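Worksheet: one structure, shown below.
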Amino acid sequence: MEKIVILTGAGISAESGLGTFRDEGGLWAQHRIEDVATPEGFARNPDLVHAFYNARRVQAAAARPNAAHEALARLQRDWPGEVVIVTQNVDGLHEAADTARVIHMHGTLAGALCAVCDHRWQSPPEMQTGQPCPACGAAAGRPDVVWFGEMPYFMDEIFDHLDNTDLFAAIGTSGQVYPAAGFVQEARRAGAATVEINLDPSEGASMFDQALTGPATSTVPAWVESLLTKAR
Ligand code: OAD
C-alpha cells in the first residue's frame, strides 16, 4: 500500500491559537530572528532568548490540538500503508492528538539541550540563563530547538522517507525555510504525487501537483476522509 509523507508547519496550529511566523502580525514581525532564533543571539543575550521560548512554552501548554491534528492522527492509524509525519513545529499538538510518532525536525519546546555536552532532558516550564545540565553540570542549558544556522534533526531519516514515498503533502507551511522547503522536489524526484494544503497558495505552490486551499481544520479532515474512502 502507498506510503505517505506529510510535512506540517505553523499553519496547522494557527487555529489552536498559536501564532505563525510570517503571516501579518506573526512572530517574526514582533521579534528579530537574529536575536531570538540564532546561536549568536543566545550567546549575546540568553535572558532574552529564554524569555521568548518561555512565553511560547506557556502558550503551547495552553493550546489544544485541532481537527487537522486529529485528522492526521486518524490517517496514521487507519491508512493501510505507512504514514510519516514530519513537523517543523516545536509545539506538542500532534502528540496531544495521539499521533503515534512525529519527527520534530526543528526540535521541541518540551526539550532542554546542553550546549556543552549535547545531553537532552525535559525542559522545566521556565528555563533560565545558566540552567545546569544534569549530565555534565555545565551552566549551559538551552531550549532543544533548532535555530537558524543549525542543522535540523533527523535529516537522513527524513530524506530516506522522501526517497521512498508515493505521496507527499505539505500542510500549513510557507515553504520559505530550507531544507524543509526542498522536500517537495525530493519527493517529486522519487516519483511521488504532491499536494500543498494551505490557507492560500504559498510562493512554492507551482512545485506541487495539487493545491487545496482554506483553513487546515476544514481542508485536512476532508483530505484525510477522501484518502481513507479511496483506500476502502
Ligand atoms: P510560516 O509562518 O512561515 O507559514 C505559515 C503558513 O501557514 C503560511 O503559508 C500561512 O498562509 C499558512 N496558514 C496560516 N493559517 C493557516 C490555517 N488556519 N490553515 C492552513 N494554513 C494556514 O510558518 P512555517 O512555514 O512553519 O523555524 O515556518 C517554517 C519555519 O520558519 C519554522 O519552523 C521556524 C520559522 O522560522 C525556526 O524557528 C528554525
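Predicted, not measured: the structure shown is a model, and the values here were computed from it. Both ligands and their constituent atoms are indexed starting at 1 by order of listing.
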Original post:
Name the residues with a heavy atom less than 4.0 Å from ligand 1?
Top reply: Gly9, Ala10, Gly11, Ala14, Glu15, Thr20, Phe21, Arg22, Asp23, Trp28, Gln88, His106, Val146, Phe148, Gly172, Thr173, Ser174, Val177, Asn198, Leu199, Gly214, Pro215, Ala216
Original post:
Judged by modelled atom types alone, do Tyr53 and Asp144 share a side-chain donor-acceptor pair under 3.5 Å?
Top reply: no
Original post:
Just by distance, with hydrogens left out, do Thr87 and Thr8 show a side-chain donor and acceptor under 3.5 Å apart?
Top reply: yes
Original post:
Would you say the side chains of Thr194 and Asp209 form a donor-acceptor pair under 3.5 Å?
Top reply: yes
**OP:** State, to 0.1 Å, how close Ser123 and Leu109 come at their nearest heavy-atom pair, and which atoms those are.
**Re:** CB-O, 3.8 Å
**OP:** Tell me yes or no: between the side chains of Glu186 and His161, is some donor less than 3.5 Å from an acceptor?
**Re:** no
**OP:** Could you tell me which residues satisfy side chain to side chain donor-acceptor pair (under 3.5 Å) with Thr99, sequence neighbours excluded, listed by chain and number?
**Re:** none
